[in-house]
Structures are given as C-alpha cells and as structure tokens.
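Data block below; observations after.
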Amino acid sequence: MKMRIRELLEAGEAEHNCTVSGWVRSLRASKEVAFIVLNDGSNLSGIQVVAGRELDDFQAICRISTGTAVRVEGQLHRSPGTGQQWELMADAVRVIGSADDSYPLQKKRHSFEYLRSIAHLRPRTNTFGAVFRLRSKLALAIHRFFGERNFLYVHTPIITASDCEGAGELFRVTTLDAAAPPLMNGQPDFRQDFFGQRTGLTVSGQLEGEMFALAFSDIYTFGPTFRAENSNTARHASEFWMIEPEMAFADLADDADLAEEFIRYLCRVALEECTEEMVFFDKHVEQGLQERIRSVAEAGFARIDYTEAIDLLRRSNAQFSYPVEWGLDLQTEHERYLSEQIVGGPVFILNYPRDIKAFYMRQNEDGRTVAAMDLLVPKVGEIIGGSQREDRLDLLERRMAEMGIAREPLEWYLDSRRWGSCPHAGFGLGFERLVMYLSGMDNIRDVIPFPRTPRHAEF
RNA sequence: UCCCCAUUAGCUCAGUCGGUAGAGCAGGUGACUGUUAAUCACCUUGUCCGUGGUUCGAGUCCGCGAUGGGGAGCCA
C-alpha cells in the first residue's frame with residue numbers, strides 16, 4: 001500500500017509492509033549496505049531507507065544520485081542507529097526518474113540568493129520545505145480561526161475600478177493595444193476598454209468587505225493583493241496575500257482585540273502543529289525563535305496611543321535620523337525602537353493624526369486624530385494596519401472633499417452610510433509578513449513560492 | 001526611486017604591492033559491515049559579470065552598464 005512518509009512514521013508499526021515514493025536527498029553507501037534519505041515533502045526529515053547487498057541491483061542502487069525520484073517497497077523496522085526512530089528495510093528500490101550530476105541542489109547548504117534563482121527546485125530543500133508546509137498550515141488555520149467565530153468568508157473582486165483606495169499604485173488591467181490605444185483628447189480612451197472604464201488589480205478588498213460586514217456582521221477576505229509600487233525591500237512584494245476581517249457593531253478596541261487573539265492563535269498553531277519545522281527554524285534560521293513565539297502566544301500585547309508613542313520616543317534620548325514630532329508619521333527606525341527596545345514584543349499604536357491616514361478612518365472627538373491602529377512586531381515591523389471606519393455620512397463626505405477624493409465612483413460606498421450605517425472596524429494582515437514573523441525568515445521572497453517583485457516575474 | 005556593498009570553478013569563497021588563478025564542498029574512480037550533510041585516498045573543473053580606458057602587463061586601478069544583496073522611502 002502506498003503511503004506518505006509522514007503517515008507511515010506516525011503509524012509506526014514494525015514489520016509493516018509498505019511502499020513509499022519520494023526524492024533522494026542523500027545516499028551513503030558502503031560495501032555491505034546503503035542508506036538513502038528519502039523525502040516526499042510530507043515531513044522535514046524524510047525516512048531512512050536501508051538497502052542491503054542481498055538486493056539484486058545493489059550495485060546500481062549505490063549509484064543513485066541526489067534528486068532521483070524512487071519508489072521503495074519494504075518493511076518498517078526500529079532503527080538501531082541514533083538519528084531516527086524508524087527506518088525502512090528495502091525489498092526493492094526502483095528508480096522512477098533519474099537526476100544526473102547537473103542537478104543544481106547539492107547535499108550541502110546553499111545561499112538563499114542562489115536558491116531564489118532556482119525557485120522551481122528550492123521546495124525540495126529542507127528550509128523551503130519547512131517554509132511552505134508552515135505557510136500551508138497557517139492558511140488553513142486562518143480559515144479555521146474565522147470559521148470557529150462565525151465570520152463569513154467573502155471573495156472580493158480581483159479586478160477593480162476603484163483606484164482611489166489610497167493603498168498604493170495599481171497594476172492596470174486592459175485589453176487596449178498599448179502601442180496604439182484609442183484616443184480621446186490625446187489621452188487613452190478607457191471608455192472603449194474591456195470594462196468601459198479604467199480598471200486595475202485590487203490593492204485591497206476592504207471597501208467591498210465593508211459592504212458585506214454591513215450585511216453579515218463579521219466577515220473576512222483572504223486573497224491575492226497587488227501593488228505596483230517600485231518597492232525594493234525584504235518585506236515588500238508586488239503580489240502578496242492579505243487577510244482582511246471586518247466587524248460590524250465594533251470599535252477600535254474590538255478591532256485590536258481581534259487582531260491580538262488572531263496573532264496569538266497563529267503562534268500556537270505554528271508551535272503545536274508545525275513542531276518539527278519550528279525546531280528546524282530555531283536551529284538553522286533564527287536562534288531563539290520558539291521562545292520568542294511562545295512568549296507572544298502567552299502574553300498580552302502592549303497598546304500605546306500615537307501621542308504617547310511620540311512622547312516615549314522623545315524622552316528616550318535615542319538618536320534617530322528622522323525627526324520625532326507630533327503630526328509626522330513614524331519611520332521604520334521609530335517603529336523598530338518602539339517594538340524592539342521600549343516594549344520588547346508586539347505593540348499596537350493607536351489613534352494617529354488624521355492628516356497622515358486614509359479618508360475612511362473614523363474621526364475622533366479630539367478633532368485631530370483618527371481611530372487607526374498599526375501592530376508593530378520586532379524584526380518585521382508593521383504586520384497589521386487597521387481602523388474603525390467613519391460611519392457618519394456627513395463626516396465621511398466632508399473628509400473626502402477635503403482630501404480631494406472623487407465621490408462619484410464611491411457612491412455605492414457612501415450608500416452603506418446612508419442606510420443602516422453602524423460603527424464597524426477591520427484590519428489588513430500581510431500573510432507573508434506573518435509567515436516571516438513565525439518562521440524567522442527575513443526576506444519576503446523566501447516565503448512566497450514564486451515571488452513577484454519589481455523586474456521579477458520568472459517561473 | 002535614493003544611498004552603500006558585491007559579482008572569481010556546479011555551489012560557498014580566498015586571491016597580498018598590478019606580473020595570466022586557488023581552497024572547501026559538489027562531481028568522478030576506488031576503499032570501507034550501520035551510516036547521519038558518513039569517512040579515507042586519488043582525479044576533473046574557469047568568458048575572473050559585460051564594456052571602454054590607464055599600463056610593457058589588469059581578477060586587481062578608473063569610467064559606464066547589467067545583475068544580486070543590505071539599508072531607506074512607500075506599505076501589508
């Protein structure tokens with residue numbers, strides 16, 4: 001019977017006849033016996049296959065090279081060796097697909113930069129195997145988290161006409177001939193385009209998500225998001241996945257509560273359901289990772305008002321390259337100082353000056369701040385950005401006018417404040433930043449299967 | 001987009017004062033009764049990123065370009 005290696009090891013029945021298929025990671029041969037480390041992606045360590053010289057094709061087995069796909073029939077035995085509990089005593093080893101000596105993955109450590117250039121092969125390595133098993137497990141856990149709390153999962157559109165969401169440059173979606181578009185007063189005439197207007201790939205599902213929250217109370221989206229910004233950093237990608245919950249009859253404090261519960265839940269998932277991977281990351285990627293994640297899972301998050309954060313930064317006597325002053329946005333150096341030095345863990349910054357935030361955020365009573373929040377974590381920086389939304393029609397309209405946002409394409413959005421409006425709040429969490437935070441990987445390109453960044457859309 | 005750094009064997013890197021290139025790993029062959037990125041012996045491998053310049057002579061110095069990395073901005 002064919003089994004995945006992980007299932008076989010979990011069953012752990014000695015003398016059990018079985019068949020496994022996978023790829024050879026390493027082969028150690030001596031005169032009498034050969035050891036094959038076989039991995040099928042179902043776990044990190046794979047299984048040790050033992051082939052004795054009594055096998056007919058023992059000499060051929062000893063020449064099997066790294067990367068070869070093989071099928072092994074045999075019996076599970078307790079291993080007399082020290083590195084593993086079980087091993088598979090082979091009755092037959094069959095080569096399914098060979099790999100010659102030009103196979104780029106060697107039995108040694110490669111740099112992440114090199115592995116990025118062979119992104120189609122890197123999932124066969126220990127590190128990337130662990131990253132993508134963790135990523136998959138977290139994605140499923142996110143749906144479980146919201147499902148258990150009766151949040152509705154909504155698929156917001158990928159193609160959108162609203163380019164005024166303020167979240168960033170969008171990729172144009174068009175069927176017009178780029179070399180010779182139909183013109184109107186010298187400009188491309190998008191009325192003749194496929195959708196009869198300018199469209200692009202979504203930069204956020206929030207506005208549509210709000211419409212669903214005002215019908216289903218609690219909803220979330222989880223899907224691809226696109227930003228055409230020329231960002232060249234270890235934490236930005238042109239295509240990434242975002243989770244955006246939205247709750248009706250909720251304020252900023254409820255929003256932060258949800259975000260905190262959510263992050264801590266996912267920390268526990270990583271520790272409890274990806275134990276082997278977390279041990280590996282702790283050993284090879286970031287020393288002390290498990291302890292860091294455990295402390296986040298167990299302790300409450302700090303909450304600091306923006307005004308208070310400015311005060312703390314000014315009183316810290318730390319030297320910054322950018323000024324710290326009420327009304328200015330916090331720079332990366334400030335955010336890092338707050339989460340790494342002052343708090344030493346995740347911290348919410350709440351109630352930012354309204355002039356540095358988006359039009360849809362709820363204006364506070366003080367007349368100068370909005371009910372916005374950012375969750376900052378050590379190492380990654382901003383992992384969540386959210387807010388309570390402006391639910392009062394007149395205030396929202398006034399704010400849009402002040403900021404020069406055309407209301408015509410957003411009449412549908414204003415409708416939600418026109419009839420049955422209510423306080424509501426939500427946030428956006430960058431999925432890849434979460435994976436980085438939980439794995440210790442420090443480049444977003446190494447937690448995305450085939451990353452898209454400026455100048456890169458290979459594979 | 002801006003600032004800094006890098007690019008040498010399949011991979012990771014060394015290369016002094018400018019004198020035509022080396023190590024480890026991988027790979028190959030052999031040895032080895034149970035190995036853990038096995039070990040031991042021997043062997044193979046180069047458009048020194050590209051391009052122009054300085055020089056008797058450039059991997060090395062200078063200009064330009066490409067690519068990669070780190071940091072910043074924008075943000076999730």
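First the proteins, then the strands, lettered A, B, ... as listed; each starts at 1.
A/Arg445 has no side-chain polar atom (N or O) that falls below the 4.0 Å cut-off from OP1 or OP2 of B/G68. Regarding contacts with the backbone of B/G27, every side-chain N or O of A/Gln106 stays at 4.0 angstrom or more from both OP1 and OP2. When the side-chain nitrogen and oxygen atoms of A/Lys108 are compared with OP1 and OP2 of B/C25, none of them lie within a distance under 4.0 Å. For B/C32, the OP1/OP2 oxygens have no side-chain nitrogen or oxygen of A/Arg28 closer than 4.0 Å. Of the side-chain N and O atoms in A/Thr332, one or more sit less than 4.0 angstrom from OP1 or OP2 of B/G73. Side-chain N/O atoms of A/Ser30 include one lying less than 4.0 angstrom from OP1 or OP2 on B/G34.
Among B/G69, B/A37, B/C11, the nucleotide with an atom closest to any side-chain atom of A/Arg109 is B/A37.
Within 4.0 Å of A/Ala34, counting heavy atoms only, lies no atom of the nucleic acid at all. A/Tyr437 comes within contact range of no nucleotide atom at all, as no heavy-atom separation falls under 4.0 Å. Among the heavy atoms of the strands, none lies under 4.0 Å from A/Ser321.
Contact of A/His110 with B/C11 (side chain to base): no donor-acceptor pair of N or O atoms is detected under 3.5 Å.
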Kindly determine whether A/Glu7 and A/Ser42 satisfy side chain to side chain donor-acceptor pair (under 3.5 Å), including the steps that lead there. CA-CA 8 Å; A/Glu7 297 162 4; A/Ser42 61; over 6 Å; no
